[in-house]
Participant: 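What follows is a single structure, and I will ask about it in a moment.
Chain letters run A, B, ... following the sequence lines, proteins first, then strands; residues in each count from 1.
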Amino acid sequence: MQLSSPEYLLRLLKHLINHQNEVRQIHSILLTKGHLLFDPNSPPLSIWKPTLLYNTLIRAHLNFGQNHKTLHLFTRMLAHNAPPNAHTFPSLIKAATFSLPPSGTSLHGQIVRRGVLCDSFIQTSLLSMYSQLGDLLNARKVFDEISRPRVVEYNAMLDAFSRNGDLGSAVLFINRMSNRDVVSWTSVISGFSRSGLFREAIQFFREMIVHADVTTGLVKPNEATYVSVLSSCANLNEGGAFGLGKQIHGYIIRNEEALTVSTGTALVDLYGKKGYLKDAMKLFDQMVVRGVCTWNAMIFSFADNGREIQALDMFEKMRREGFLPNGITLLAVLSACARAKLVQIGLELFQAMWSEFQVLPIMEHYGCVVDLLGKAGLLGEAVEFIKSMPFDPDASVWGALLGACKIQGAIELGNEVGFKLFNFQPQTCGQYVTLSHINAGLQRWGPAADVRKALKMSGIRKVPASSWIDPM
DNA sequence: CTAGGGTTAG
């Protein structure tokens with residue numbers, strides 16, 4: 001086979017699909033050889049080559065996380081007259097989900113016009129896209145158009161309910177499904193967890209492991225399930241929650257060989273949040289492979305337990321080992337600085353965020369700096385800092401200032417800020433719901449009552465004992 | 001194996 005033939009280059013591309021430099025080189029060879037150009041006069045067997053090549057390139061760039069480039073490749077594809085097929089769209093839909101401005105609806109239009117809407121992969125991708133964009137209505141519409149949904153399609157709809165906080169519907173839905181797999185169960189557990197309903201998440205996990213799905217061996221909890229329920233255990237301040245977490249830890253040790261990045265991090269977080277820093281650190285050291293998230297969990301553990309200096313040391317160590325801090329890392333170190341009143345270091349880190357770490361500060365970081373200045377008694381500076389923000393502060397930022405006013409006894413400013421906060425109350429700050437660290441206490445109780453009612457109505461029983469998980 | 005879809009943390 002010729003080294004510059006489209007067949008060979010396609011094979012090469014598939015083989016090196018996760019290697020950015022190689023993909024780029026193959027891409028440029030393909031361009032110079034004209035292999036990406038659709039030629040109606042080529043032999044019938046190779047007429048689809050440009051489409052295949054473009055689909056693979058699109059997939060590669062999606063994997064690289066280059067959503068904009070992924071979508072741009074589609075316009076190049078159209079310009080080269082390479083006809084998109086049903087395989088083209090799932091990757092594009094995924095890229096559109098996470099790119100700004102949203103281009104999902106225009107993709108939806110393209111799909112309809114090209115008559116590939118009946119493809120089940122495309123339907124699931126679209127459903128999932130609307131779900132991730134918080135558009136439950138359109139997600140539902142897509143689902144209702146699916147003629148014979150199977151478990152994957154059901155799961156996508158289930159996840160749409162779960163991740164958008166409609167857990168009542170999620171529970172009703174999963175109960176009505178004739179087949180459930182581990183993804184179905186995990187979707188609901190993580191949905192509860194995401195909504196801050198940790199007790200319900202744990203309860204649902206307990207339901208899962210005594211359900212016929214699991215006892216018959218049809219379904220088995222996996223890493224995603226454990227991570228979700230461990231996170232709920234970490235966040236629920238009840239003795240039983242920690243106990244369950246430790247049981248799961250034991251179970252993982254007995255059954256899986258080594259801790260993965262996800263389970264290891266979830267466990268570091270668990271022990272850290274419960275104040276068992278030695279155990280958290282021991283786990284951290286045991287882990288063979290760590291991720292940025294692992295470091296984040298460890299830094300947060302120190303920061304939240306009054307060991308701010310150790311948190312900052314950990315941050316230095318992380319950088320020495322070549323890890324690039326992300327937005328969460330910065331949040332962890334900024335909160336450590338705030339707690340220890342290390343104003344200078346905190347401000348320097350905030351300044352370095354963009355210039356050194358290429359992390360764009362978001363609302364939470366600003367909230368952290370306000371907290372930092374406020375805790376140190378620099379209320380005037382905190383107010384100035386809020387005024388300098390490039391976007392409007394939300395309730396979490398004003399809340400940080402209010403907290404500082406209380407500590408400092410600044411009654412007048414406190415009243416002013418309190419009034420501003422009062423105006424925020426009726427709003428649902430939906431997109432910040434996950435930012436529980438700073439938003440703690442805000443927007444938590446609304447959905448909870450409804451969900452408990454739905455749980456009750458859906459006939460979830462009291463939890464019997466299980467062979468390896470004790471009832472709480 | 002033979003392009004593409006659903007679940008995971010801080």
Participant: Taking only side-chain N and O atoms of A/R163, does any of them lie within less than 4.0 angstrom of OP1 or OP2 on B/dT7?
Facilitator: yes

Participant: Rounded to the nearest Å, what distance is computed from the CG atom of residue A/N18 to the C1' atom of nucleotide B/dA3?
Facilitator: 14 Å

Participant: I'd like to know if A/E153 reaches the base of B/dG5 with its side chain, counting only an N/O donor and acceptor under 3.5 Å.
Facilitator: yes

Participant: Starting at CG of A/D269 and ending at P of B/dT8, how long is that distance when rounded to a whole Å?
Facilitator: 16 Å

Participant: Between C1' on B/dG5 and CZ on A/F98, what's the gap in Å once rounded to a whole number?
Facilitator: 13 Å

Participant: Output the rounded distance in Å from CZ (A/F300) to P (B/dA9).
Facilitator: 15 Å

Participant: Would you kindly check whether a donor in the side chain of A/T124 faces an acceptor in the base of B/dG5, or vice versa, at under 3.5 angstrom?
Facilitator: yes

Participant: Using a 4.0 Å heavy-atom cut-off, does A/N55 contact any base of the nucleic acid, only the sugar-phosphate backbone, or nothing at all?
Facilitator: base

Participant: Compute the ring centroids of A/F143 and A/Y154, then answer whether they are less than 6.0 Å apart.
Facilitator: yes

Participant: Taking only side-chain N and O atoms of A/T88, does any of them lie within less than 4.0 angstrom of OP1 or OP2 on B/dA3?
Facilitator: no

Participant: What's the CE-P distance between A/M157 and B/dT7, to the nearest Å?
Facilitator: 13 Å

Participant: Of all the nucleotides listed (B/dG4, B/dG10, B/dA3), which has the minimum atom distance to the side chain of A/K14?
Facilitator: B/dA3

Participant: Hey, does A/S162 reach any base, or is it just sugar-phosphate, or nothing, if we go heavy atoms under 4.0 Å?
Facilitator: nothing

Participant: Across the strands shown, which category fits A/A332 at heavy-atom distances under 4.0 angstrom: base, sugar-phosphate, nothing?
Facilitator: nothing

Participant: Ignoring backbone atoms, test whether A/R290 places a side-chain nitrogen or oxygen under 4.0 Å from the OP1 or OP2 oxygen of B/dA9.
Facilitator: no

Participant: Indicate whether OP1 or OP2 belonging to B/dG4 is found under 4.0 Å from a side-chain N or O atom of A/R59.
Facilitator: yes

Participant: When you check the phosphate oxygens OP1 and OP2 of B/dG10, does a side-chain N or O of A/N235 lie under 4.0 Å from one of them?
Facilitator: yes

Participant: What is the distance, to the nearest angstrom, from the NE2 atom on A/H87 to the C1' atom on B/dT2?
Facilitator: 11 Å

Participant: Over all heavy atoms of both residues, which pair between A/S228 and A/S193 is shortest? Give the atoms and the distance, please.
Facilitator: O-OG, 3.9 Å

Participant: Between A/Q203 and A/R199, does any side-chain donor sit less than 3.5 Å from a side-chain acceptor?
Facilitator: no

Participant: So which nucleotide from B/dG5, B/dG10, B/dT8 ends up closest to the side chain of A/V152?
Facilitator: B/dG5

Participant: For B/dG10, does the base pair up with any side-chain atom of A/T265 as donor and acceptor (N or O, under 3.5 Å, distance only)?
Facilitator: no

Participant: Select one nucleotide: of B/dG10, B/dA9, B/dG5, the one nearest the side-chain heavy atoms of A/K94.
Facilitator: B/dG5

Participant: Does anything in residues 312-323 of chain A form a side-chain hydrogen bond (donor to acceptor under 3.5 Å, both in side chains)? List the pairs, not counting sequence neighbours.
Facilitator: A/R319-A/E356

Participant: Kindly indicate whether the side chain of A/D119 and the base of B/dG4 share any N or O donor-acceptor pair separated by less than 3.5 Å?
Facilitator: yes

Participant: What's the closest nucleotide to the side chain of A/D159 if the choices are B/dT7, B/dG4, B/dT8?
Facilitator: B/dT7

Participant: How about A/E364 and A/S396: does a side-chain donor come under 3.5 Å of a side-chain acceptor?
Facilitator: no

Participant: Would you say A/S190 places a side-chain N or O within less than 4.0 Å of OP1 or OP2 belonging to B/dT8?
Facilitator: yes

Participant: Starting the side chain at C-beta, find the nucleotide from B/dT7, B/dG10, B/dA9 nearest to A/K273.
Facilitator: B/dG10

Participant: In whole angstroms, how far is the P atom of B/dG5 from the CZ atom of A/F121?
Facilitator: 7 Å

Participant: Looking at every non-hydrogen atom in both residues, tell me the closest pair between A/M318 and A/P325 and how far apart they are.
Facilitator: CE-CA, 3.8 Å

Participant: Just to be sure I understand the rule, does A/L52 reach a base, reach only the sugar-phosphate, or reach nothing, if contact means heavy atoms closer than 4.0 Å?
Facilitator: base

Participant: B/dT2 phosphate, OP1 or OP2: any side-chain N/O from A/R11 under 4.0 angstrom?
Facilitator: no

Participant: What's the shortest heavy-atom distance between A/M287 and A/T260, and which atoms?
Facilitator: CE-O, 3.8 Å

Participant: Distance check needed: B/dG5 C1' versus A/L62 CG, whole Å only.
Facilitator: 12 Å

Participant: Under 4.0 Å, heavy atoms only, any strand: does A/N85 hit a base, just the sugar-phosphate, or nothing?
Facilitator: base

